[in-house]
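Below is one structure, written out as structure tokens, with a few remarks after it.
Quick caveat: nothing in here was measured; it's all calculated off a predicted structure. Each ligand, and each atom within it, is numbered from 1 in the order the structure gives.
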Amino acid sequence: MIASLGWVRKAVIPAAGLGTRFLPATKALPKEMLPLVDKPVIQYVIEEAVRSGLQDLLIITGRNKNALENHFDRVAELEETLSKKGDEKRLFAVRESSQLADIHYTRQGDPRGLGHAVLRAKSHVGDNSFAVLLGDDVIDSRDDVLNQMLEVHERTGDNVVALMEVPESQIHLYGAAKVASTSGNELVLEGLVEKPESNAPSNLAVIGRYVLSAKMFDILENTGPGRGGEIQLTDALQHAAKHPEKAGGVRGVVFSGRRYDTGDKLDFIKATLRIAVDREDLGSELRAWLKDFAKGI
Ligand code: UTP
């Protein structure tokens with residue numbers, strides 16, 4: 001896997017949404033803290049950023065932020081107990097989450113949309129380009145899109161979004177890309193439409209990975225509420241695509257690997273199973289059980 005060439009060092013991880021699709025589980029716990037097998041969703045996202053050479057991470061938090069901060073903090077008593085027991089494996093797992101990266105936090109206040117959450121990162125990010133990884137969107141560690149997006153950004157200076165082909169019946173749930181030209185799986189976009197109700201410009205859906213120029217903050221500052229009354233990152237990117245002189249144009253990288261929207265209950269269950277069947281400690285027993293289970297349904 002190619003690591004980032006080094007232009008982009010910071011990543012912003014929005015995790016301040018209300019998670020209403022997962023209520024009541026998300027009443028007191030951010031959806032980003034729900035576990036996929038034995039690690040919270042957001043840890044997979046952070047590990048992906050680190051694999052791409054991004055070490056300075058800013059998590060945008062909302063209500064119930066304590067669980068998030070605590071997870072990435074050290075817990076001396078727990079470490080001491082595991083150490084006394086000689087339980088090296090669990091001790092490693094507990095320490096690992098507190099040593100992954102340099103993690104910072106800022107609050108969004110009211111969840112006024114993804115664009116608004118990203119704008120909260122302005123002073124931390126400064127003048128350099130940065131990545132955005134949605135805290136509930138998991139890309140399987142065996143697949144990669146972020147390294148490729150970083151490479152496209154570093155080569156062109158344009159903003160880059162990750163795109164996935166979805167069935168036409170599903171595109172209204174996503175931001176949809178309007179494609180100007182294609183070269184392999186890299187596309188130049190002439191626009192983006194957030195959750196199109198009809199006449200979607202394509203069935204290429206924006207998924208939760210972005211590499212953005214710092215000038216996008218200026219555009220976000222001037223982006224008013226859009227769909228659902230929220231400040232939409234898609235609307236700011238649509239503006240950038242129309243006025244590339246302001247913050248660079250917009251390109252897309254088409255991803256066809258394994259990706260899970262864990263804020264969606266069915267996708268969350270699929271992600272759990274997909275990850276668990278390949279785990280050394282669980283896989284063979286789970287596969288056998290699943291085969292047996294499937295016979296009865
Ligand atoms: P979603 O649209 O999936 O989040 O945002 P949501 O609003 O919490 O979802 P539902 O529909 O109510 O279940 C994608 C990502 O952006 C973050 C979310 O936490 C999630 O990681 N987000 C969204 C924010 O940080 N702030 C917001 O205002 C909105």
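- For atom 12 (O) of ligand 1, a protein heavy-atom neighbour is found at a distance under 4.0 Å.
- Short contacts between ligand 1 and R112, defined as distances under 4.0 Å to a heavy atom of the residue, involve ligand atoms 28 (O).
- Checked by atom type, the side-chain pair E230/H116 shows no donor-acceptor distance below 3.5 Å.
- Of the protein's non-hydrogen atoms, the one nearest atom 2 (O) of ligand 1 is R21 NH2, 4.7 Å.
- Short contacts between ligand 1 and G135, defined as distances under 4.0 Å to a heavy atom of the residue, involve ligand atoms 21 (O).
- For ligand 1, the atoms sitting less than 4.0 Å from at least one non-hydrogen atom of P111 are 28 (O), numbered in the order shown with element in parentheses.
- For atom 16 (O) of ligand 1, the closest non-hydrogen atom on the protein side is L114 CD1, 3.7 Å.
- Looking only at protein heavy atoms, the nearest one to atom 23 (C) of ligand 1 is G17 CA, 3.9 Å.
- Protein heavy atom in closest approach to atom 28 (O) of ligand 1: G113 N, 2.8 Å.
- Side-chain atoms of N147 and D144 include a donor-acceptor pair closer than 3.5 Å.
- Distance from atom 1 (P) of ligand 1 to its nearest protein heavy atom, with residue and atom name: K31 NZ, 3.7 Å.
- With 3.5 Å as the limit, one finds a donor-acceptor pair spanning the side chains of H153 and S129.
- Between Y105 and F72, the gap from one ring centroid to the other reaches at least 6.0 Å.
- In terms of protein heavy-atom proximity, atom 8 (O) of ligand 1 is closest to G19 N, 2.7 Å.
- With hydrogens and angles left out, the side-chain atoms of H239 and N222 include no donor and acceptor closer than 3.5 Å.
- Within ligand 1, the atoms closer than 4.0 Å to a non-hydrogen atom of E32 are 18 (C), 19 (O), 20 (C), 21 (O), numbered from 1 in the order shown.
- For the pair T20 and ligand 1, the shortest N or O to N or O distance falls below 3.5 Å.
- Within the 6.0 Å centre-distance limit, the rings of F268 and F22 are counted as a close aromatic pair.
- Nearest-heavy-atom check against atom 26 (N) of ligand 1 across R120, Q232, Q108 picks out Q108.
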